[in-house]
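What follows is one structure encoded as structure tokens, with my remarks underneath.
Every chain is numbered from 1, with letters handed out A, B, ... down the list of sequences.
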There are 2 protein chains.
Amino acid sequence: MASTDKLSPRDRLLDAAARLSYRDGVSVGIEALCREAGVSKRSMYQLFDSKDAMLAASLERRVPWYDAQLAHPDPEAATPRERILYVFERLERASRDAGYHGCPYLAVLVELKNPEHPASVVARTVKDRLAATFRAEAERGGARDPDLLARQLLLVFDGASARAGAKVEDLRDGLATTTVTALLDAAGMD
Amino acid sequence: MASTDKLSPRDRLLDAAARLSYRDGVSVGIEALCREAGVSKRSMYQLFDSKDAMLAASLERRVPWYDAQLAHPDPEAATPRERILYVFERLERASRDAGYHGCPYLAVLVELKNPEHPASVVARTVKDRLAATFRAEAERGGARDPDLLARQLLLVFDGASARAGAKVEDLRDGLATTTVTALLDAAGMD
DNA sequence: CACGGTATACACCGATCGGTTTCCTTTCGT
DNA sequence: ACGAAAGGAAACCGATCGGTGTATACCGTG
């Protein structure tokens, strides 16, 4: 059973929603979520307006952790190229985990075909922020077309995470970093 | 209403399943599928063992059309590089359609987190065959590492289709072909 | 005409969906 | 110690899920 101590019902619900919707998909039922969180359905509907709202909130809550996951541990000492490559090294590393099912934000965007869904909006902002980060690094690294390079990197990032999550591809040999290196070189980055 | 003439109930069901599961996701109900196909639920369960089996069959049925969609119109006259690029030109072209929601096979793999699901198996074989095609072209084109290049191309293919389908990226300016060109060049292809 | 196969319509099954409500216990401020 | 308020368990709502059972209509073939 999940730890039900020391966290508020709200946080337990958000954690359960993040975990179960990632493992089973966004179509997971409220009943299962509440059971997992150890919170009554009644309480959850006092904390959130709807299942959709809770799902969006659970995605939003993970953003800082997600960002930290992809951020280079020593940003000052690293070059832009190293900071970009670090993102893909983390992706490759995460994909080795047995419970890895791809980037949760991309998965939500694919599962909820509706881009207007509150959870889709959150997911898209996460993707847009990663693109902005890549673009800034590309600029600092002297890429010929920073915006183009950033968009290319996201193609690889989402392609790799989707394929690894679906168990169609295995990133353990460094496929993502190898591909990114080729693109960085082609873009004229330091 | 969908055309209910001239096609067998089986074909009407498979078409409806392909269309609705692509538009609304694999969680679309049987009731809706049968209504769209103009076939009774009873008949459907005489033609297919389960919803999962019908979904897998509907995916399989589209394979020849899907392959033809990505095949260069004049394979003899085209170079390996042209045949590869043609795939991504078609992808960019398809993504302009209002009803485009990404590659249906990748979507199924992401939505059905279970790789053992019959529909997932079909989807994976489609992906594997595309990888084999890329690999063959890469070999013919003199790429240094044909297998690596093929896997890189699929990263871009699936990343582009997922992002375009989720309306997070716009391929109209040729982002996919540009990226692929960079990878082909880096791989030393003719 | 009678036949067998195939189709339909439709009720029905238990389970679950998102969401609400009722009842009762626990907790807390005074 | 008392009363209000909050929270939990569970019944309940109508709808839908995947899947069946049943009875009836249509069909080409004998």
Side-chain angles (χ1 to χ4, degrees), chain A residues 1-59 108 111-114 116-120 122, chain B residues 1-59 108 111-114 116-120 122:
Chain A
M1 194 59 68
S3 67
T4 57
D5 283 345
K6 284 294 166 199
L7 269 72
S8 72
R10 182 163 201 277
D11 289 344
R12 273 182 281 145
L13 277 169
L14 292 177
D15 285 349
R19 187 168 54 254
L20 289 192
S21 72
Y22 179 63
R23 196 189 59 187
D24 304 334
V26 297
S27 61
V28 64
I30 313 187
E31 224 105 21
L33 290 181
C34 291
R35 199 183 321 123
E36 174 86 0
V39 174
S40 73
K41 236 202 303 193
R42 185 178 199 276
S43 303
M44 102 128 241
Y45 274 105
Q46 280 170 221
L47 291 165
F48 302 98
D49 289 345
S50 65
K51 179 196 175 184
D52 291 351
M54 181 179 57
L55 181 61
S58 84
L59 288 182
V108 156
E111 291 178 47
L112 307 169
K113 316 259 173 188
N114 172 18
E116 314 292 335
H117 191 291
S120 296
V122 173
Chain B
M1 194 60 69
S3 68
T4 58
D5 285 345
K6 285 292 166 201
L7 268 71
S8 72
R10 182 164 201 277
D11 289 344
R12 273 182 282 145
L13 276 168
L14 292 177
D15 284 349
R19 189 167 54 254
L20 289 193
S21 71
Y22 179 61
R23 197 190 59 189
D24 303 334
V26 297
S27 60
V28 65
I30 304 189
E31 224 106 20
L33 289 180
C34 291
R35 198 182 321 122
E36 174 86 358
V39 173
S40 74
K41 221 180 353 171
R42 206 71 190 86
S43 303
M44 185 234 124
Y45 274 105
Q46 280 170 224
L47 292 165
F48 301 98
D49 289 344
S50 65
K51 178 196 176 183
D52 291 351
M54 181 180 56
L55 180 62
S58 84
L59 287 182
V108 156
E111 291 177 46
L112 306 170
K113 316 257 171 188
N114 173 16
E116 313 292 336
H117 191 291
S120 295
V122 174

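- Remark: Asp11(B) engages Arg61(B) in a salt bridge (charged side-chain N to carboxylate O under 4.0 Å, His left out) (not counting sequence neighbours).
- Residues passing the side chain to side chain contact (heavy atoms under 4.5 Å, CB included) test with Lys51(A) are Ile30(A), sequence neighbours excluded.
- Here chain B contacts DNA chain C (any atom closer than 4.0 Å to a heavy atom, that is under 4.0 Å), and the contacts span dA7(C) to dA9(C) from 5' to 3'.
- With hydrogens and angles ignored, the 3.5 Å screen pairs no side-chain donor or acceptor of Glu36(A) with any backbone N or O of Ala16(A).
- Counted by atom type alone, Gln46(A) and Arg42(A) present one or more donor-acceptor pairs between their side chains at under 3.5 Å.
- Scanning for side chain to side chain donor-acceptor pair (under 3.5 Å) contacts around Ser40(A) gives Ser43(A), with sequence neighbours left out.
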Produce a footprint string for nucleotides 19-26 of chain D: one letter per nucleotide, 5' end first; B if the base is under 4.0 Å from any protein heavy atom, S if only the sugar-phosphate is, - if neither.
BBBB----
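- For Asn114(B), the CG atom counts as densely surrounded, since its 6.0 Å shell holds more than 12 non-hydrogen atoms of other residues, nucleotides or ligands.
- Residues satisfying the side chain to side chain donor-acceptor pair (under 3.5 Å) criterion with Asp52(B), sequence neighbours excluded, are His117(B).
- Heavy-atom distances to DNA chain D give each of Val26(B) and Gln46(A) a nearest nucleotide, and the one nearer the 5′ end belongs to Gln46(A).
- Taking OG from Ser21(A) and CE from Met54(A), the interatomic distance works out to 8.5 Å, rounded to the nearest 0.5 Å.
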